[in-house]
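Here is how names work: the chains are called A, B, and so on, in the same order as the sequence lines, proteins then strands, and each is numbered from 1.
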Number of protein chains: 2
Amino acid sequence: MKKVTAHDVARLAEVSQSAVSRAFTPGASVAPDTRERIEKAARKLGYRPNAIARSLITRRSRIIGLVMSYLENQFYPVVIERLCQALQRDGYHVLLFISQTEDADEVLTDILQYQVDGIVMASTTLSSALASDCQNAGIPVVLFNRVAQLGAMGAYSTSSVTSQNREGGRMVGELLLRTGHRRIAWLAGAEKTSTSRDREAGLCDALAAAGLALHARGVGNYDFAEARRAVHLLFRDPASRPDALFAANDHMAIAALETLRTELGLRVPHDVSVVGFDNVPQAAWPSFDLTTVQQNIDEMVDATRNLLFDQLGGQVMARSIDVPCVLMERGTVARRDDEPGRKPGRARQPA
Amino acid sequence: MKKVTAHDVARLAEVSQSAVSRAFTPGASVAPDTRERIEKAARKLGYRPNAIARSLITRRSRIIGLVMSYLENQFYPVVIERLCQALQRDGYHVLLFISQTEDADEVLTDILQYQVDGIVMASTTLSSALASDCQNAGIPVVLFNRVAQLGAMGAYSTSSVTSQNREGGRMVGELLLRTGHRRIAWLAGAEKTSTSRDREAGLCDALAAAGLALHARGVGNYDFAEARRAVHLLFRDPASRPDALFAANDHMAIAALETLRTELGLRVPHDVSVVGFDNVPQAAWPSFDLTTVQQNIDEMVDATRNLLFDQLGGQVMARSIDVPCVLMERGTVARRDDEPGRKPGRARQPA
DNA sequence: CTGAAAGCGCTTACAG
DNA sequence: CTGAAAGCGCTTACAG
């Protein structure tokens with residue numbers, strides 16, 4: 001029941017407590033036979049160095065705070081898993097916080113008390129006030145899958161790791177155009193997130209290059225039920241029904257698929273094409289076979305790790321890294337070239 | 001950049017460091033105006049008490065270690081989310097560890113160094129040797145969704161929270177029997193897990209009560225791809241094809257659904273009924289509409305919290321709690337009463 | 001290589 | 001109510 005400390009081990013091994021500490025510090029100089037005596041005593045007593053005490057004196061906790069807001073989207077569990085494993089490999093550990101909202105400010109006060117060495121925020125952002133607090137405290141923050149909103153002054157920026165979302169959106173736009181779609185609808189995520197905005201911007205880039213604009217636009221707020229409602233609205237009028245729907249993430253794309261098939265009696269991709277973003281595990285399930293844009297999680301995790309550790313060292317400037325994403329063509333996009341009754345210039349706008 | 005400590009605040013507020021500490025300790029006695037001065041100074045300096053230092057002196061970290069092994073099964077992300085939130089409400093935090101295997105021994109050494117106040121292990125178990133280590137160290141451990149394997153001596157037992165898995169299995173068996181199924185197959189999870197064994201036992205209880213036995217049995221090891229292979233084997237021979245398949249969890253049930261429909265050309269539930277266990281979010285999606293047994297996560301989380309906190313107090317004995325689960329009847333089970341060519345006694349065994 | 005000593009930032013009896 | 005002091009379990013110069 002009593003916790004065994006380095007002193008106890010020292011006593012048993014007949015050395016000083018300092019020696020015990022050295023024996024457990026990689027690279028410290030201890031004579032081989034001393035080390036052996038210490039290790040034997042430690043084993044006998046079941047001694048484990050107290051990481052809390054070590055953190056206090058070294059002023060590094062080897063803990064990274066991870067803030068998440070919702071795990072229903074299967075993308076995030078995968079992120080947690082990969083990130084934890086990567087960090088564990090480096091001898092770091094993850095203190096997990098669930099924030100109810102995208103704005104993680106209140107959770108942060110908590111985190112900071114734990115003297116984390118760094119913070120990664122996935123699917124959440126923080127106010128520029130708190131970002132500057134962290135900067136002052138010398139705690140690196142990296143946003144995962146979000147980009148910092150520039151503060152009023154643009155004064156504090158936070159490092160971030162994302163996919164090349166705009167490029168990804170553009171790829172989808174081009175695919176849809178190439179396969180003959182003309183009435184392309186966009187299903188937005190949370191409007192203020194960079195992911196949703198950038199992907200939409202990319203889509204619009206592609207459309208604009210072809211002299212087109214968005215045919216319609218709904219907001220699903222990255223939520224299953226809201227996406228369902230938005231799809232109902234988007235497809236309410238048969239006369240102006242979209243021929244393709246690009247959802248800001250797979251979670252909503254799947255909601256759309258379910259709604260289109262089950263509630264609206266439309267066939268995908270025969271009547272409508274659907275594309276998502278993320279490439280969550282379910283996208284590959286035969287029931288969905290969803291065409292989507294794959295976010296390269298391993299590369300994103302790696303970039304996060306690197307940003308974190310670079311900034312742990314010294315006072316490095318915030319940096320943003322965006323990793324390429326790749327189009328995963330599966331079964332939810334049809335070719336519409338030969339679609340009967342198609343009116344090519346229908347949605348065309350004057351440049 | 002410099003960290004601000006209680007001393008800094010004390011100096012500015014012109015009080016002792018002890019006073020500052022008291023001002024941040026709920027229930028400690030500080031004069032109102034002193035407290036005000038301190039709070040003002042703290043605000044000005046951006047002071048946040050160092051939780052690490054506090055942990056060292058109070059010998060309670062208010063950190064709970066959470067060990068998980070695989071998050072692909074959507075049941076676990078939901079568990080993480082609820083458990084984190086519940087613990088955060090109590091002022092505790094979660095240090096998350098991902099273990100590659102069901103056996104979490106190696107990860108535990110790590111955890112123990114962090115002086116966690118308690119450990120919850122979900123989808124993992126630990127050796128009785130380590131369980132006894134934890135017991136000696138006074139660190140409560142509760143298994144979530146697993147039950148302790150009794151050690152060789154039966155000496156150390158670990159607290160656990162599960163659903164009433166056997167009862168759940170029995171309910172499924174009875175449902176299947178009631179709806180006229182006779183050739184009932186079982187798709188096991190990982191064979192050594194209590195969940196898989198208990199659910200199977202419940203199913204067999206129900207069958208035995210009707211004078212039946214398992215028609216066939218496969219092993220999916222709680223894995224999507226393995227479940228798929230097992231389903232192929234189970235349905236290889238058309239002559240002895242099961243009329244119902246009960247999978248040890250939804251993750252495998254969905255794999256079975258996909259395989260049955262896409263690769264084997266069977267209709268569910270027309271040709272085969274399928275039942276799962278967990279009631280993960282996807283089970284409710286129209287594409288699956290999976291009949292399953294719902295695990296009551298909130299109650300399980302609550303029980304976990306209570307077990308943890310009971311044992312935090314004193315030297316309470318390990319306890320096991322099993323919470324009721326409920327049958328969720330959806331669309332993957334058919335009535336087979338009027339099935340043409342059915343042979344009622346086909347699989348009947350002598351008692 | 002090894003030990004005595006200072007100190008990380010707190011909490012908490014103990015006096016006053 | 002408040003302060004001086006001890007101490008949580010370590011690490012790390014500093015001498016030797």
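Residues A/Q85 and B/Q100 form a side-chain contact, since some pair of their non-hydrogen atoms from C-beta on lies under 4.5 Å apart. Contact check for A/C134 versus A/L112: side-chain heavy atoms found under the 4.5 Å cut-off. Residues A/V79 and A/M300 are not in side-chain contact: their nearest non-hydrogen atoms beyond the backbone lie 4.5 Å or more apart.
In this structure, a donor-acceptor pair under 3.5 Å is present between the side chains of B/T195 and B/Y222. B/Q115 and B/S61 share no side-chain donor-acceptor pair at under 3.5 Å.
Across the protein-nucleic acid pair, B/E36 atom CD and D/dC1 atom C1' stand 16 Å apart, rounded to whole Å. At whole-Å resolution of the value, CZ in B/F24 and P in C/dG9 are 16 Å apart. Counting to the nearest Å, the P atom of D/dC8 and the CZ atom of B/R59 are 7 Å from each other. Atom CD of B/Q17 and atom C1' of C/dG9 are 7 Å apart (whole Å). Note: CZ (B/R62) to P (C/dC10) measures 17 Å, nearest angstrom. The interatomic distance linking B/N50 (CG) with C/dC10 (C1') rounds to 7 Å, in whole Å. Between the CG atom of A/L56 and the P atom of D/dG7 there is a distance of 17 Å, rounded to whole Å. A straight line from CD of B/Q115 to C1' of D/dC10 spans 11 Å, rounded to a whole angstrom.
Nucleic acid contact for B/Y47: sugar-phosphate only, since backbone atoms but no base atoms lie under 4.0 Å from a heavy atom of the residue. Across all strands, B/T5 comes closer than 4.0 Å only to sugar-phosphate atoms, never to a base (heavy-atom distances). Residue contacts shown for A/V30 are limited to sugar-phosphate atoms, with no base heavy atom under 4.0 Å away. When heavy atoms are screened at a 4.0 angstrom cut-off, B/S55 is found touching no nucleic acid atom at all. Nucleic acid contact class of A/V20 (heavy atoms, under 4.0 Å, all strands): none. Residue-level contact check: B/S29 touches the bases, meaning some heavy atom is under 4.0 Å from a base atom. The residue A/S18 sits close to a base: some heavy atom pair falls under 4.0 Å.
Taking for each of A/R54 and B/D33 the nucleotide of DNA chain D with the nearest heavy atom, the 5'-most of the two is the partner of B/D33. Across the interface with DNA chain C, nearest-nucleotide mapping of A/S16 and B/I52 shows A/S16 to be the residue nearer the 5′ end.
Checking C/dT12, C/dC10, D/dC10 against every side-chain atom of B/A53, the shortest atom distance belongs to C/dC10.
The base of D/dG3 is paired with the side chain of B/R22 by a donor and an acceptor separated by under 3.5 Å.
OP1 and OP2 of D/dC1 both lie 4.0 Å or more from every side-chain N or O belonging to B/T34.
A donor-acceptor pair is defined here as one N or O able to donate and one able to accept, closer than 3.5 Å; no such pair exists between the side chain of A/R48 and the backbone of B/I111.
Using the Watson-Crick or G-U wobble rule with both distances under 3.5 Å, D/dA13 pairs with nothing in any strand shown.
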